[in-house]
Amino acid sequence: MTQDTSTPTAPRTYEQVARAAAEDPETFWLGAARAVDWDTPPTRALDSSRAPIHRWFPDGALNVCRNALDRHVEAGRGEQAALIYDSPVTGTVRTYTYAALLDEVSRFARVLADRGVGRGDRVVIYMPMVPEAVVAMLACARLGAIHSVVFGGFAAAELAARIDDMDPIAVISASCGVERTRIVEYKPLLDEALRLANAQPQFSVVVQREQHPVELREGFDLDYATLLAETPDGIDPVTVAATDPLYVLYTSGTTGKPKGILRDAGGSAVALQWSMGNVFDLHPGDTMFTASDVGWVVGHSYIVYAPLLAGVTTVLYEGKPVGTPDASAFFRVMEQHRVNVFFTAPTAMRVVRGEDPDGTHAHAADLSALRAVFLAGERLDPDTYAWTTDTLASATGRDIPVVDNWWQTETGWPIAANPLGIERLPLKAGSPTVPVPGYRLRVVDAAGDPVPAGQEGLILADLPLPPGTLATIWGDDDRFVASYLSAFEGTYLTGDSGLLDEDGYVFVMGRTDDVINVAGHRLSTGVLEAAIAAHPAVTECAVIGVHDATKGQIPRALVVLSPEADAEAVRTELIDLVRREVGPVAALKRVDVVAALPKTRSGKILRKTMRQISDGEADVVVPSTIEDRAVLDALEETLTRSE
């Protein structure tokens, strides 16, 4: 096993590490790559021959699953806990050692290989938060197959779109998801998605859950447990190029067509391994509890791959911040499993605070193992930051850092954070602290000119981005360049606005595109609008993301209806339609019927302007190209009226 060099001894200040990464990325990242076990060690870090598309470790070869499992077992730590499945909704707590997890992953990889799945094949995974989801991801990685996990909250039409884009050889799913008050039937959603999709997989594997077993389609659906029982032997990991895809994860695009973010094998392994020691200050034998979902990027990176790559125990939690059973849920998990680092979204802490404002449950728990809390997925508001910080300090008697960190599905790991494993920097409320070494950020105005410290503008990252970030968009290099790399030469357009203060701290203010952030989940307004526009009574519509104290943003729809439509009936139908077509994660609850929508003379709907009015912002931007100011004025009362 390669020795852990994720926390090099020198240089050790943030400034030194950031400078080393910026001035000589070749040497810096080849050094970081030594913490990964390679079948063919790379001799080069960066390939810029196709700039602005850059690739990392072009002559290296490895297997990510072997790095996540086999090497720890070979090093004598097979009996260490790798995965703790904690499911308050089913009353289950189950621990998988590294040896046990390797055994199941290897045998399931054999199951897939026996049915034709191999290097470069695609597999769609549509599953709840169960261990088999992690097994499926790692089994694909073991074979060099490309997995694409679709969040279980998405409806059939969204799943179908991803199946068509990936054209998978197989789909892996479960009979159901389990929530506190209901069963979510996955199989009918999958069957409907396959009916809608043009691409058709060769077979499906279904995990039958005892809470809701389903009838399997003969000749197509295969039972997971039966397959494993019939497969006593595993399969060796397949060596792949560092530049081969590890997975594709879809994110919202402003056009409404989902973008498949492609992450490569070598860059991901190096970056995630490096981040565990240097950003999160986690090392072999530690425990990380990330309260997210494997269907989102945080789950991919910090429930599955990063902890296991680093030899850390990861907690897979099938529950909610409250209601399973109450606001004590997170603190119970931290105590029971001796959690060292806890990672969740600000929304989750707002919900906990709402139910337990005095922090009673935190005070009642033994949090002596806890060293840090990381919050990401949306902007961390100062009130939530202060409450979380104060509650933990009071409950533990220690100064536990609450670390805001900013990143995206596209980047795969933090762009900005407090690098606790290098140097704990002073925290500033409202800021995710500083750019993580490897990212070089700048803030510019609309013309691309730099703005002074403290002035808001567009946040850009200089190319090349560090390893572990998106390699391209699945099947569409041109869209990758057009979407992210073409606005300003030599830079990646983050799509966020913000500022750098005089100390170099990053402040992220919000999205600059038509993507809204609901409780840490990015949703395209185009997808929501497409569902709404399908209603025969809707002649025009717009969806904006408006501020919500709990979820950060929630969608709000404004619709123009045909004259004969029953407005009240249509409102109800549209809410149901979005829930059915996009999924409950969309959380659309408010639909306003209006006479007209404000537009520019070229026909662009003024979504940003409407959002600013709805949120009560002081400086509302009204473009000089507005077609009819009277339309916007007429909407002001509707936009500012609370429901």
Side-chain angles (χ1 to χ4, degrees), residues 22 25 46 48-56 249-263 297 379 406-416 432 435-436 438-500 506-517 522-526 544-545 600 602-609 611-612 621 623-625:
L46 183 62
S48 298
S49 61
R50 295 184 59 231
I53 297 176
H54 302 268
R55 304 306 301 271
W56 288 95
L249 181 61
Y250 285 86
T251 187
S252 298
T254 59
T255 64
K257 181 187 177 185
K259 291 181 292 190
I261 302 302
L262 188 153
R263 198 92 61 214
V297 68
R379 183 170 179 265
W406 166 57
W407 46 299
Q408 305 169 332
T409 301
E410 289 86 347
T411 66
W413 61 294
I415 302 171
V436 171
Y439 292 96
R440 294 164 295 148
L441 303 183
R442 57 170 128 155
V443 179
V444 302
D445 60 21
D449 296 322
V451 301
Q455 182 174 317
E456 185 176 348
L458 306 174
I459 304 177
L460 307 179
D462 287 343
L463 298 177
L465 294 177
T469 54
L470 75 170
T472 187
I473 292 174
W474 171 251
D476 201 340
D477 285 352
D478 290 342
R479 189 182 181 195
F480 172 43
V481 174
S483 297
Y484 298 107
L485 309 181
S486 62
F488 303 100
E489 187 175 357
T491 67
Y492 165 79
L493 182 68
T494 68
D496 284 306
S497 64
L499 59 89
L500 291 168
V506 182
F507 289 79
V508 182
M509 312 310 290
R511 297 295 298 168
T512 59
D513 56 20
D514 292 327
V515 175
I516 61 177
N517 196 319
R522 289 177 64 191
L523 297 170
S524 166
T525 58
I544 59 175
T600 64
S602 65
K604 181 181 178 182
I605 296 173
L606 303 181
R607 293 176 181 83
K608 180 178 179 180
T609 305
R611 185 183 72 243
Q612 289 176 322
V621 177
S624 58
T625 54

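All residue numbers refer to positions in the sequence shown, counting from 1.
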Any side-chain donor paired with an acceptor under 3.5 Å for Gln455 and Asp445?
no

Could you check whether Asp476 pairs with Lys259 (Lys NZ or Arg NE/NH1/NH2 to Asp/Glu carboxylate O, under 4.0 Å)?
no

Do Pro435 and Ile415 have side chains that get closer than 4.5 Å, going by heavy atoms?
no

One pair to check against side chain to side chain contact (heavy atoms under 4.5 Å, CB included): Leu465 and His54. What are the steps and the verdict?
CA-CA 8 Å; Leu465 294 177; His54 302 268; over 6 Å; no

Would you please classify the geometry between the Tyr484 ring and the Tyr492 ring as parallel, tilted or perpendicular, with 30° and 60° separating the classes?
parallel

Going through the distances and angles, do Gln612 and Ile544 end up as a side chain to side chain contact (heavy atoms under 4.5 Å, CB included)?
CA-CA 10 Å; Gln612 289 176 322; Ile544 59 175; over 6 Å; no

Kindly compute the distance separating CZ (Arg611) from CG (Leu606), expressed to the nearest 0.5 Å.
11.5 Å

Heavy-atom side-chain proximity of Leu460 to Leu441 below 4.5 angstrom:
no

Can you give me the closest heavy-atom contact between Leu493 and Ala487, atom names plus distance?
CD2-CB, 4.0 Å

Under the 3.5 angstrom rule, does the side chain of Trp474 hit a backbone N or O of Tyr250 as a donor-acceptor pair?
no

Donor-acceptor under 3.5 Å (Thr491 side chain, Ala461 main chain)
no

Would you name the heavy atoms of Leu46 and Pro464 that are closest together and state the gap between them?
CD2-CG, 3.7 Å

Does any N or O in the side chain of Arg55 come within less than 3.5 Å of the main-chain N or O of Ser48, such that one atom is a donor and the other an acceptor?
no

Is any side-chain heavy atom of Gln408 closer than 4.5 Å to one of Asp496?
yes

Any heavy-atom pair between the side chains of Leu500 and Phe507 that's under 4.5 Å?
no

Smallest separation among heavy atoms of Pro466 and Gly438, with atom names:
CD-O, 3.4 Å

Shortest non-hydrogen contact between Val508 and Pro432, atoms and distance:
CG2-CG, 4.4 Å

As a quick check of understanding, evaluate side chain to side chain contact (heavy atoms under 4.5 Å, CB included) for Asp462 and Tyr439, giving each step before the final call.
CA-CA 7 Å; Asp462 287 343; Tyr439 292 96; over 6 Å; no

Minimum side-chain heavy-atom gap Leu262-Leu470 below 4.5 Å
no

Non-hydrogen atoms of Ile473 and Ser483 that approach each other most closely:
CD1-OG, 4.4 Å

Using a 4.5 Å cut-off on heavy atoms from C-beta on, say whether the side chain of Ile459 contacts that of Ser497.
no

Could you give me the CA-CA distance, side-chain angles and deciding distance for Glu410 and Thr251, then say whether side chain to side chain contact (heavy atoms under 4.5 Å, CB included) is met?
CA-CA 8 Å; Glu410 289 86 347; Thr251 187; 3.7 Å; yes

Heavy-atom donor-acceptor pair, Thr411 side chain to Trp407 backbone, under 3.5 Å
no

Between Ala416 and Val506, what is the shortest heavy-atom contact and its length?
CB-CG2, 4.2 Å

Quick one, Val297 and Arg263 - any side-chain contact, counting heavy atoms below 4.5 Å?
yes

Pair Asp477, Thr472: side-chain N/O donor-acceptor within cut-off below 3.5 Å:
yes

